[in-house]
Amino acid sequence: MAAGPARAAEQDEDRDPGAESRLQAGFDATIGKDQRIEPRDWMPEGYRRTLVRQIAQHAHSEIIGMQPEGEWITRAPSLRRKAILFAKVQDEAGHGLYLYSAAETLGADRADLTERLISGRQKYSSIFNYPTPTFADVGVIGWFVDGAAICNQVPLCRSSYGPYARAMVRICKEESFHQRQGYELLLTMMRGTQAQRAMVQDAVDRWWWPSLMMFGPPDGDSPNSAASMAWKIKRHTNDELRQRFVDMTVPQAEKLGVTLPDPQLRWNEKRGRHDFGTPDWSELKRVIAGDGPCNDERVARRTAAHEDGAWVREAAAAHAAKQAARAQARTHEGAAA
Amino acid sequence: MSSTEAADDDHVYLSLAEGHDDGDARWAFGTGFSDPLHGVDTAVPDAVDGSALAAVCLALGDDALVASQRLAEWCTRAPELEEEVALANIGLDLLGQARMLYARCGQVDGTDRREDAYAYFRAPADFRNVALVELPNGDFALSIARLLILSTWRLALLSRLAGTSDPVLAAIAAKAVPELTYHRQYAADWVVRLGDGTEESHRRMRAALRELAPYVEELLTATGDTVPGILAAPDTGTEAVREETLGVLRQVLAAAGLDLPERPAAPYRGRGGEHTEHLAPLLEELQSVAREHPEATW
């Protein structure tokens with residue numbers, strides 16, 4: 001799976017044992033100066049593997065993340081909300097595409113990554129394994145899930161790997177628009193009927209804790225974080241980002257008029273931040289292990305789309321091959337004449 | 001984290017929270033925070049027959065809404081991510097067209113209804129779309145063949161309506177022309193790929209065209225039913241639209257090694273409210289939440 005430049009580096013190393021340490025020193029210097037690593041630059045295999053894993057997981061999350069909200073496009077209760085939701089889910093497909101492309105700059109292959117997703121060898125964000133029983137879920141996903149994604153992703157706009165950082169700039173802009181639209185839906189619903197307000201509070205109650213889990217396990221229990229921080233793939237720890245999300249969200253909840261379902265949540269004057277309760281980490285482990293409420297149906301849907309579409313992809317490839325053969329035949333005819 | 005980094009991030013968060021007044025143009029039509037027909041002069045010119053104009057807007061609006069709903073059903077089920085994006089794009093364009101057409105209808109049919117009243121609070125028999133758009137999606141070949149037929153006809157008609165004497169309908173049509181040109185191109189490219197690709201894809205395209213052929217006549221006849229004398233230009237009649245539609249279809253299908261089989265017309269008259277059995281369940285789903293909460297605002 002290694003791309004060309006890394007192969008070349010390995011060959012150099014056979015001839016000159018000092019080469020790898022010089023390449024490593026150059027890489028370390030680039031990271032140290034906060035400059036970007038680009039696809040043609042030499043990079044350690046661990047860095048490449050970690051990035052492919054992280055970017056693929058992010059791409060898979062965008063694609064699987066289309067499902068819980070996509071369910072509501074056909075039922076959205078106004079044409080404006082229908083257009084907003086349709087466009088949002090389309091943006092997610094677009095994000096998946098940019099991210100798979102970023103992974104391809106590291107020598108990965110989209111079809112292979114899709115295979116890994118379907119077979120369960122690569123993960124996606126656990127948040128998308130929760131169900132969306134009401135239309136208020138669409139708003140709360142925009143507010144919490146896109147909000148948490150922005151907290152996670154804004155620092156990635158300064159990630160050391162250039163293509164990933166650039167993809168994240170565009171994605172963050174779109175996510176922020178989605179968050180704003182989700183929050184605006186909730187504001188409108190809270191001004192509506194009693195049933196609508198109850199629907200919003202119910203969705204807040206269901207999504208709050210899973211959203212806090214989106215930042216990953218606590219720092220003491222996050223095995224991959226240290227290397228990612230050193231390589232500047234990742235810039236803040238899980239707990240720092242979780243705290244930032246809570247601090248951002250509390251005033252928004254007050255403005256909206258909903259209660260966040262955490263009795264321990266309160267402002268800590270001394271820290272200048274909010275104290276909050278501990279998510280049920282055993283639940284996160286269960287959902288990551290595949291036993292969340294919707295894991296099976298999410299992967300089954302993605303698998304069905306992939307398998308049902310196989311004949312279409314084969315036809316497109318066959319047509320392209322025929323076209324190329326025809327063009328070549330024409331060139332030969334031209335040359336013969 | 002260093003304090004500089006934290007400050008950099010805060011700067012990004014703040015800029016995300018700012019208004020996006022300049023950037024709204026890049027978002028799909030009608031997904032922003034402003035009124036789609038804001039600033040357009042909505043007075044009906046004296047020369048225009050209001051009830052005929054309303055009928056055209058309703059028919060074309062219903063075609064677009066129902067076609068968009070079927071495209072939305074593809075979401076998360078497309079054969080490739082590029083198709084996921086393209087089908088959503090086309091569905092969004094049609095949804096945008098439906099919204100503007102309903103808005104115009106409400107201004108001229110004397111009821112002063114808003115777009116949602118048309119979409120959510122009418123019974124199936126009050127819908128005026130053609131049967132072609134309400135048929136279930138079937139496989140990718142069927143959806144693509146339908147898209148080719150619909151967009152070819154709709155482009156032939158709307159490119160002419162861009163010259164109509166009602167300025168609002170003319171503006172809606174003019175905005176739709178580049179959208180429909182893309183829809184037709186996208187569908188034509190796929191029809192050629194699938195017709196030429198593999199034995200299986202060719203067989204599926206043939207089956208799709210055989211299934212859809214009976215619904216083409218209603219579309220071509222419906223041009224006359226729905227667009228009575230409000231058109232200004234002389235080449236806007238049913239015959240011109242029919243000729244262009246069939247001519248383009250023949251050309252694309254020939255390039256794909258396919259043809260449109262001759263089959264008797266299906267017995268539905270969607271423009272008169274006589275629909276297939278497929279419309280009612282489609283609308284039941286589309287209208288379910290809105291009708292469960294009739295007092296709500298969204």
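The figures here come from the full heavy-atom set of this structure, side chains too, leaving out hydrogens, waters and symmetry mates. Each chain gets a letter, A, B and so on, in the order the sequences are listed, and its residues count up from 1.
- Note: B:E82 leads B:E199, B:E82, B:H202 in heavy-atom pairs under 4.5 Å with chain A.
- Other residues, nucleotides and ligands contribute only 12 or fewer heavy atoms inside 6.0 Å of the NZ atom of A:K255.
- In terms of non-hydrogen atom pairs under 4.5 Å with chain B, the most contact-rich of A:V169, A:V89, A:T188 is A:T188.
- Contacts between A:M199 and chain B at a heavy-atom distance below 4.5 Å involve the side chain alone, from C-beta outward.
- At least one side-chain heavy atom of A:T74 sits under 4.5 Å from a side-chain heavy atom of B:E73.
- Contacts of A:V312 with chain B are made by both backbone and side-chain atoms, with heavy-atom separations under 4.5 Å.
- Between the side chain of A:Q90 and the backbone N or O of B:V85 there is at least one donor-acceptor pair closer than 3.5 Å.
- In this structure, chain A has a heavy atom under 4.5 Å from the side chain of B:L95, while its backbone stays farther away.
- In this structure, chain B has no heavy atom under 4.5 Å from any part of A:K88.
- For A:Q196, the part lying under 4.5 angstrom from a heavy atom of chain B is the side chain only.
- Contact annotation for A:R75: both backbone and side-chain heavy atoms come within less than 4.5 Å of a heavy atom of chain B.
- Proximity to chain B (any heavy atom under 4.5 Å) is restricted, for A:I63, to the side chain, taken from C-beta onward.
- Of the inter-residue distances, the one linking B:R99 atom CZ with A:S78 atom OG reads 7.5 Å to the nearest 0.5 angstrom.
- Heavy atoms closer than 4.5 Å to chain A are found nowhere in B:W74, neither backbone nor side chain.
- Residues B:L65 and A:L79 have side chains in contact (heavy-atom distance under 4.5 Å, counting atoms from C-beta outward).
- Residue B:Q251 qualifies as open at atom CD: its count of foreign heavy atoms under 6.0 Å is 12 or below.
- The parts of B:A141 that come within reach of chain A are both its backbone and its side chain, each placing non-hydrogen atoms under 4.5 angstrom from that chain.
- Across all non-hydrogen atoms, the minimal contact from A:A87 to B:L92 is CA-CD1, 3.6 Å.
- A:H319 pairs in a side-chain contact (heavy atoms from CB on, under 4.5 Å) with only one of the listed residues (B:D189, B:T198, B:D196), which is B:D196.
- Rounded to the nearest 0.5 angstrom, B:L81 CG and A:H306 NE2 are separated by 10.0 Å.
- Between atom CZ of residue B:R193 and atom CZ of residue A:R313 there is a gap of 14.0 Å, rounded to the nearest 0.5 Å.
- Within 6.0 Å of CZ in B:R203 there are more than 12 heavy atoms belonging to other residues, nucleotides or ligands.
- We find that A:R110 and B:E80 are joined by a salt bridge, their nearest charged nitrogen and carboxylate oxygen being less than 4.0 Å apart.
- Looking at A:A195, only its side chain comes within 4.5 Å of chain B, counting heavy atoms on both sides.
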ask   = How far apart are the C-alpha atoms of A:M66 and B:E84, what are their side-chain angles, what is the distance that settles it, and do they pass the side-chain contact (heavy atoms from CB on, under 4.5 Å) test?
value = CA-CA 10 Å; A:M66 295 167 68; B:E84 198 68 70; 3.4 Å; yes
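- Both the backbone and the side chain of B:F140 come within contact range of chain A, with heavy atoms under 4.5 Å apart.
- Between B:C75 and A:G70 the shortest heavy-atom distance is SG-CA, 4.4 Å.
- Closest heavy-atom contact between B:G197 and A:A318: O-CB, 3.6 Å.
- At a 4.5 Å heavy-atom cutoff, B:I144 makes no contact with chain A through either its backbone or its side chain.
- Ranked by heavy-atom pairs under 4.5 Å with chain B, the list A:A320, A:G96, A:A76 is led by A:A76.
- Within residues 285-298 of chain B, the residues approaching chain A closer than 4.5 Å by heavy atoms are, in numerical order, B:E285, B:L286, B:S288, B:V289, B:A290, B:H293, B:E295, B:A296, B:T297, B:W298.
- The choice from A:K82, A:E314, A:M189 that makes the most heavy-atom pairs within less than 4.5 Å of chain B is A:K82.
- Annotation for B:W190 and A:A316: closest pair CH2-CB, 3.9 Å, computed over non-hydrogen atoms.
- Side-chain contact check for B:N89 versus A:F86: every heavy-atom pair is 4.5 Å or farther apart.
- Within a 6.0 Å radius of CD in A:Q35, other residues, nucleotides and ligands contribute more than 12 heavy atoms.
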